[in-house]
J.: 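Got a structure here, written out as structure tokens. Questions coming.
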Amino acid sequence: MKIPPVKGTRDFYPQEMAIHNWIVDGWKRASLRNGFEEYDGPIFEYLQMYQIKSGDEIVEQLFSFKDRGDRDLAIRPEITPTLARMVNQRINTLPKPIKWFSVPRLCRAERPQKGRLREFFQWNIDIIGEDSVLADAEVIFTTVDYLREVGLTPNDIKVKISSRKFLSAVLKKIGISEEKLNSLYGLLDKKTKLPAEAFSEALIQQVGERISEQVISFMGSQSVTSVENIVKPDAGGELDIAIKELEDCASRLGQMGISDYCVFDPGIVRGLAYYTGIVFEVHDIQGDLRAICGGGRFDNLLHDFGGPKITATGMGMGDCVLEILLSEKGLLNQKISARSLDYFVLPVADNLLDDTIKLVAQLRTLGFKTIFSYKSGSLSKQLKTASERNAKYCIIIGDEFKAGDIVLKDMSTGNQKTVPLNEFLANPGKF
RNA sequence: GUGAGAGUAGCUCAGUUGGAUAGAGCAUCGGAUUGUGGUUCCGAGGGUCGAGGGUUCGAAUCCCUUCUCUCACCCCA
């Protein structure tokens with residue numbers, strides 16, 4: 001009986017695995033060179049961990065189960081709660097700021113679609129315990145540092161940056177009450193998805209005609225300062241502070257040399273209520289994929305999980321959308337070869353198999369990727385196999401071997417030379 | 001959860017008004033080729049035509065049911 005793969009999962013055959021590893025290795029390199037340390041946690045936690053900051057709808061999209069002790073558990077749909085738990089447990093002994101990263105495998109029971117599966121990997125970086133906007137800038141830089149390394153240019157992607165503090169200050173100044181903010185965020189987040197008329201209709205329904213005009217005008221702002229045409233900040237007030245933060249962030253990003261990747265966009269809201277400061281998303285420039293990643297500052301992360309009031313800022317990037325984008329941009333093919341070999345050792349006759357195996361073992365011990373053929377087919381056939389396997393060199397064990405010599409063939413040029421085996425083994429790189 | 005589209009070999013697809021043993025390219029394996037690879041030529045294996053039921057002398061093709069996948073919506077931590 002044939003059992004199909006589970007909906008929304010992927011099988012990583014060697015070629016896909018090579019691509020996947022290349023992506024994950026890049027994430028890890030970028031994290032490490034930006035000063036982040038790797039951590040990980042269990043792939044399941046108490047179900048309650050994911051109920052703290054989320055509603056029932058999100059709980060429905062969890063893979064949850066009971067263990068034999070009747071405990072309610074869930075496979076992790078995100079790693080942030082685990083991070084909060086781990087940091088809280090050692091909050092007094094960890095040196096600040098805490099800069100950690102992880103590449104967890106996550107599961108969400110959502111309906112799969114383009115760029116979204118039920119099992120995926122997500123690169124997470126977080127800086128905990130640093131209030132300065134510099135930390136937000138560093139998170140954004142690390143993100144761009146990676147995306148730039150894999151070959152994405154400012155013509156391919158943009159980091160769209162805004163601030164929850166800024167947004168809330170503007171909206172309150174326009175005359176929207178604090179209680180209405182959260183439901184309004186939901187609408188503003190959808191602006192790019194809705195036709196302009198539908199958006200403005202929905203907006204009028206929420207805040208009335210006069211205010212909605214101002215909101216629409218604000219949502220069209222191209223720069224942070226242009227908001228002053230709509231509302232005037234009071235010196236030292238919430239809006240004033242938020243504007244300074246955004247400007248400060250932009251100036252840091254300039255110092256880091258990535259201004260050409262970054263743009264202010266008041267339409268970046270982010271779904272969840274818990275963001276409190278700078279928020280950002282990276283989008284492909286055509287805008288036909290969902291966000292490549294998203295992040296921002298959240299003040300209450302540790303506190304929500306029973307810890308102190310320490311702020312955090314971070315970013316999460318899934319592997320699905322990224323891979324689609326890289327593939328569309330042609331950035332996957334050449335760089336990744338699933339198989340490559342240093343040596344392919346081939347005996348021309350069955351009675352040379354013993355010596356072949358000895359040599360193969362010696363080369364492997366020296367650290368070279370080396371294989372041989374199980375079948376002692378014709379030389380021509382074995383060379384063909386070696387060529388298919390992308391071997392850099394072939395070592396032919398033939399008549400010369402009686403005199404202690406091997407034939408070393410460079411597969412890229414076709415040149416070959418006869419070399420004494422003991423000299424070769426003493427310094428294989430020399431040949 | 002809602003809506004639309006699609007299911008034929010490992011992959012990409014053909015398959016006439018419903019007609020006999022369901023085809024091609026790529027991939028895999030073997031041979032031409034037992035001391036020289038990438039090319040070429042020849043051959044082989046591989047299918048419950050997603051599944052179940054119905055109409056018919058006869059179904060990959062028409063009808064019903066169901067499953068799966070894709071895309072969009074909800075949601076997006």
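Lettering follows sequence order; numbering is per chain, from 1.
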J.: Want to settle it: does A/Gly115 or A/Tyr274 sit nearer the 5' end of RNA chain B, counting the closest nucleotide to each?
T.: A/Gly115

J.: Among the nucleotides B/G35, B/G37, B/C76, which one has an atom lying closest to any side-chain atom of A/Arg290?
T.: B/C76

J.: I'd like the P distance from B/G15 over to B/U61, given in whole Å.
T.: 15 Å

J.: Are there over 12 heavy-atom neighbours, none belonging to A/Gln205, within less than 6.0 Å of that residue's CD?
T.: no

J.: Applying the side-chain hydrogen bond (donor to acceptor under 3.5 Å, both in side chains) test to A/Asp319, which of A/Arg10, A/Arg105, A/Gln122 qualifies?
T.: A/Arg10

J.: Please assess A/Phe280 against A/Tyr275 for the test ring-ring contact (aromatic ring centres under 6.0 Å, His included), listing each intermediate value before the final yes or no.
T.: CA-CA 11 Å; A/Phe280 71 96; A/Tyr275 286 101; 9.2 Å; no

J.: Just N and O in the side chain of A/Gln61: are any of them under 4.0 Å from OP1 or OP2 of B/C75?
T.: no

J.: Is there a ring-ring contact (aromatic ring centres under 6.0 Å, His included) between A/Phe65 and A/Phe44? Walk through the geometry before answering.
T.: CA-CA 10 Å; A/Phe65 58 99; A/Phe44 51 86; 5.8 Å; yes

J.: In whole Å, measure the gap between the C1' atoms of B/U65 and B/C71 for me.
T.: 24 Å

J.: Without decimals, in angstroms, what is the distance between A/Glu60 CD and B/G1 C1'?
T.: 9 Å

J.: For B/C76, take OP1 and OP2 only and decide whether either is under 4.0 Å from a side-chain N or O of A/Arg270.
T.: no

J.: Applying a 4.0 Å non-hydrogen cut-off, can you work out what A/Glu400 is touching in the nucleic acid: base, sugar-phosphate, or nothing?
T.: base

J.: Is any side-chain nitrogen or oxygen of A/Lys381 closer than 4.0 Å to OP1 or OP2 of B/G37?
T.: no

J.: Within this structure, what is the CG-to-P distance between A/Asp288 and B/C71, rounded to whole angstrom?
T.: 13 Å

J.: How many whole angstroms separate atom OH of A/Tyr275 from atom P of B/A77?
T.: 6 Å

J.: Using whole Å, what does the distance between atom C1' of nucleotide B/U34 and atom CG of A/Leu346 come to?
T.: 13 Å

J.: Nearest of B/G37, B/A72, B/C75 to any side-chain atom of A/Arg116?
T.: B/C75

J.: Check every strand shown and say whether A/Gly414 touches a base, only sugar-phosphate, or nothing at a heavy-atom separation below 4.0 Å.
T.: base

J.: Does any N or O donor sit under 3.5 Å from an N or O acceptor when you compare the side chain of A/Ser378 with the base of B/U34?
T.: no

J.: Can you identify which nucleotide, out of B/C73, B/G35, B/U36, has its nearest atom closest to the A/Gln113 side chain?
T.: B/C73

J.: Return the value, rounded to whole Å, for the distance between atom CG of A/Asn124 and atom P of B/A77.
T.: 12 Å

J.: Could you pick out which residue, A/Thr413 or A/Ser380, lies toward the 5' side of RNA chain B when each is mapped onto its nearest nucleotide?
T.: A/Ser380

J.: Decide yes or no, distance alone: a donor-acceptor N/O pair under 3.5 angstrom between the base of B/C75 and the side-chain of A/Arg111.
T.: no

J.: For A/Lys7, answer base if it contacts any base atom (sugar-phosphate contacts may also be present), sugar-phosphate if it contacts only those atoms, and nothing otherwise; contact means non-hydrogen atoms under 4.0 Å.
T.: sugar-phosphate

J.: Looking only at the side chain of A/Met411 (C-beta and beyond, no hydrogens), which of the listed nucleotides B/G37, B/C71, B/C76 gets closest?
T.: B/G37

J.: For the side chain of A/Lys384, starting at C-beta, report the closest nucleotide among B/C71, B/U40, B/U36.
T.: B/U40

J.: Using atom P of each nucleotide, how far apart are B/A60 and B/U55 to the nearest Å?
T.: 16 Å

J.: Does any N or O donor sit under 3.5 Å from an N or O acceptor when you compare the side chain of A/Gln416 with the base of B/G37?
T.: no

J.: Between B/A20 and B/U39, how far apart are the two C1' atoms, rounded to whole Å?
T.: 41 Å

J.: Using the P atoms only, state how far B/G7 lies from B/C41, rounded to an integer number of Å.
T.: 32 Å

J.: Expressed in whole Å, how much space separates the P atoms belonging to B/U40 and B/G25?
T.: 13 Å

J.: Roughly, in whole Å, what's the span from CG in A/Leu383 to C1' in B/U39?
T.: 15 Å

J.: In whole angstrom, what separates A/Phe305's CZ from B/A77's P?
T.: 14 Å

J.: In whole Å, I'd like the distance from the CD1 atom of A/Ile395 to the P atom of B/G37.
T.: 19 Å

J.: Now, which nucleotide makes the Watson-Crick or G-U wobble pair with B/A20, with each of the two distances under 3.5 Å?
T.: none

J.: Under a 3.5 Å limit for both distances, which nucleotide forms a Watson-Crick or G-U wobble pair with B/C74, could you say?
T.: none

J.: Checking base pairs now: Watson-Crick or wobble, both atom distances under 3.5 Å. What partners B/C69?
T.: B/G5

J.: What is the base-pairing partner of B/C26, counting Watson-Crick and G-U wobble geometry with both distances under 3.5 Å?
T.: B/G10

J.: Please tell me whether A/Trp123 and A/Ser31 have a donor and an acceptor in their side chains that are separated by less than 3.5 angstrom.
T.: yes

J.: Would the number of heavy atoms belonging to other residues, nucleotides or ligands and lying under 6.0 Å from CD of A/Gln286 be above 12?
T.: yes

J.: In whole Å, measure the gap between the P atoms of B/U21 and B/A59 for me.
T.: 11 Å

J.: In terms of side-chain heavy atoms of A/Lys114, which of B/C71, B/A77, B/U70 is nearest?
T.: B/C71

J.: Just do the side chain to side chain donor-acceptor pair (under 3.5 Å) check on A/Asp131 and A/Thr311 with the steps written out, would you?
T.: CA-CA 6 Å; A/Asp131 292 346; A/Thr311 79; 2.9 Å; yes

J.: Between B/U36, B/C76, B/U33, spot the one nearest the side chain of A/Lys193, thanks.
T.: B/C76

J.: Are more than 12 heavy atoms from other residues, nucleotides or ligands located less than 6.0 Å from atom CD of A/Glu38?
T.: yes

J.: Who is the Watson-Crick or G-U wobble partner of B/G58, with both distances under 3.5 Å?
T.: none

J.: Please report the distance separating the C1' of B/G23 from the corresponding atom of B/G46, rounded so that it comes out in whole Å.
T.: 14 Å

J.: Cation-pi check for A/Phe141 against A/Arg252: NZ or CZ below 6.0 Å from the six-membered ring centre and within 45 degrees of the axis, yes or no?
T.: no

J.: Under a 3.5 Å cut-off for both distances, is B/U40 Watson-Crick or wobble paired, and to whom?
T.: B/A32

J.: Give the nucleotide from the list B/C71, B/G38, B/G35 with an atom nearest to the side chain of A/Ser387.
T.: B/G38

J.: Taking only the side-chain heavy atoms of A/Lys190 (C-beta and beyond), determine which of B/G37, B/A77, B/C75 contains the nearest atom.
T.: B/C75

